[in-house]
Amino acid sequence: MSVNGEAVRVGPGTGRADEPGWEVDPDDDWALAVVATVGRQLKLRREAAGMRVPEFAVAVGYGEDLVYKIESGKRIPRPEYLDTADEVLGAGGLVAAMKEDVRKVRYPKKVRDLAQMEARAVEVQLYDPVNLHGLLQTPEYARALFRMRRPRYAEEEIERGVAARVARKAVFDREAAPELSFVQDEWTLRRRLGGLDVVRAQLEHLLTVAQLPNVEIQVMPMDREEHAGADGGIEVLKFDDGTACGRSPAVAGGRPVTDPRQLRILELRYGIIRAQALTPLESTAFIERLLGET
């Protein structure tokens, strides 16, 4: 089977094609270095095994063009590619072990940077007026959002975006999990994005997340006559050393800020938004009612 002119592997018995890999961001120096090193190691092992590219491509079940791109550091190999290459080359797990090296560079640099900050945060305050916040999205809901973007994303880009969004959810699984506060406008819960099945699963997920002891989800009703979040979303991350980082379209043009005065503005606005919204208990009851109507 071919996708964009490149042969791709079809899982046995699944009838489903696996996307061949991901492009490397040319502005991401660290990712370029990691992928170039992995590609060079794959090429050296292939040559040491006495296999030419056409022979190796047939053995692993992928196209020659993809093999060349991976070995030259132009594509990020998927985990299953490395697993298969390990078996074909008889590497005893050494090639498969490189999955850990490429795992993080699979995601865009800005996503990695944000995930690293979330991993250090002890308190996170989030308000998203447009969609459900990424940390709250189910994979199906996230996939539906990516598919609605115009110009259209290729399926490969969609799956990469979904994987990156899901990876950020590791913040919920940390041993010392941060305090997480979310405020969502009512209309972001009422839209039928992705269809009723996707929406129902998403609302059920919100109710599950809301039960976590370190998570508070609040709903801003549409009938409020005052709304401190009219200027856009807000993100504030606080760290255990007393520092913080925030972002909002209304402050510094949406760039991350650490200046105490600008952070105070963001925290003030977020505090007012929380006061104007339903309480966490009222919000849970509201989501339950909405789920019953869906």
task = Could you tell me whether K238 and E179 have a side-chain N and a carboxylate O separated by less than 4.0 Å?
result = no
In this structure, OG of S283 is separated from CD1 of I217 (nearest 0.5 Å) by 8.5 Å
Quiz item: Considering only heavy atoms from C-beta outward, does the side chain of L189 approach that of F286 to under 4.5 Å?
Solution: yes
* To do: Could you please spell out the steps behind the side-chain contact (heavy atoms from CB on, under 4.5 Å) verdict for C245 and M117?
  => CA-CA 9 Å; C245 179; M117 286 196 297; 4.1 Å; yes
Could you check whether any side-chain heavy atom of L82 comes within less than 4.5 Å of a side-chain heavy atom of V102, counting everything from C-beta outward?
yes
TODO: For the pair L132 and F182, evaluate side-chain contact (heavy atoms from CB on, under 4.5 Å) and give the outcome as yes or no after the intermediate values.
DONE: CA-CA 9 Å; L132 284 169; F182 298 89; over 6 Å; no
| Short side-chain to backbone donor-acceptor contact, E157 and A154, under 3.5 Å | yes
d(Y153 OH, L145 CG) to nearest 0.5 Å is 11.0 Å
Given the options V88, L66, L89, V60 meets side-chain contact (heavy atoms from CB on, under 4.5 Å) only with V88
Q. Taking 4.0 angstrom as the limit, do E71 and R46 come out as a salt bridge?
A. yes
- Query: Side chains of L42 and Y81: does their closest heavy-atom pair fall under 4.5 Å?
  - Reply: yes
Would you tell me whether Y270 and S181 have side-chain atoms, one donor and one acceptor, within less than 3.5 Å of each other?
yes
Task: Electrostatic pair K169:D173 at N-O distance under 4.0 angstrom - done: no
Exercise. Does a salt bridge link R289 with E293, judged by any charged N lying under 4.0 Å from a carboxylate O?
Worked result: no
To the nearest 0.5 Å, atom CD of Q276 lies from atom CE of M220 at 4.5 Å
Contact between D128 and Q184 at the side-chain level, heavy atoms closer than 4.5 Å - yes or no? yes
d(R190 CZ, T294 OG1) to nearest 0.5 Å is 8.0 Å
message = What verdict does the salt bridge (Lys or Arg N to Asp or Glu O under 4.0 Å) test give for E47 and R52, after you've listed the backbone C-alpha separation in whole Å, the side-chain angles of each residue and the deciding distance to 0.1 Å?
response = CA-CA 7 Å; E47 291 176 343; R52 299 176 62 84; over 6 Å; no
For M98 and Q41, the nearest pair of non-hydrogen atoms, with its separation, is SD-CB, 4.0 Å
Heavy-atom closest pair (P77 atom, I70 atom, distance to 0.1 Å) is CB-CD1, 3.8 Å
- Query: Are L135 and R165 side-chain neighbours, meaning at least one heavy-atom pair lies under 4.5 Å?
  - Reply: no
- Give the cluster check for I287 versus V183: same hydrophobic cluster or not, with ILVMFWY residues linked at side-chain heavy-atom distances below 4.5 Å. no
To the nearest 0.5 Å, atom OG1 of T208 lies from atom CG of L203 at 11.0 Å
- Query: Is E118 paired with R168 through a side-chain N to carboxylate O contact shorter than 4.0 Å?
  - Reply: yes
Smallest heavy-atom separation, A228 atom then I272 atom, equals CB-CG2, 3.5 Å
**Asked** Hey, mind stepping through L237 and V122 against side-chain contact (heavy atoms from CB on, under 4.5 Å) and telling me if it holds?
**Response** CA-CA 8 Å; L237 289 81; V122 295; over 6 Å; no
Within-4.5 Å side-chain heavy-atom neighbours: V198 and L193:
no
Heavy-atom nearest pair, A277 first then P221, reads CA-CD, 4.3 Å
Report yes if the side chains of V209 and H205 come closer than 4.5 Å at any heavy-atom pair, otherwise no. yes
| task | Flag the pair H227 / Y127 as yes when their ring centroid distance falls below 6.0 Å, and as no otherwise. | result | yes
On a heavy-atom basis, the closest approach of F56 and M51 is CA-CE, 3.6 Å
Output, in order, the C-alpha distance, side-chain angles, deciding distance and verdict of side-chain contact (heavy atoms from CB on, under 4.5 Å) for E159 and R143.
CA-CA 7 Å; E159 291 308 315; R143 188 172 290 107; 2.9 Å; yes
Query - A119 backbone acceptor or donor facing R174 side chain under 3.5 Å - result: yes
Self-check item: Close side-chain approach of L126 and I234, heavy atoms under 4.5 Å
Solution: no
For Q218 and L278 the tightest heavy-atom approach is NE2-O, 2.9 Å
- CA sep, side-chain torsions, deciding dist, call: E204, Q202, side-chain hydrogen bond (donor to acceptor under 3.5 Å, both in side chains): CA-CA 5 Å; E204 290 170 352; Q202 177 63 71; over 6 Å; no
**Asked** Is any NZ, NE, NH1 or NH2 atom of the basic residue among K99 and E80 found under 4.0 Å from an Asp or Glu carboxylate oxygen of the other?
**Response** no
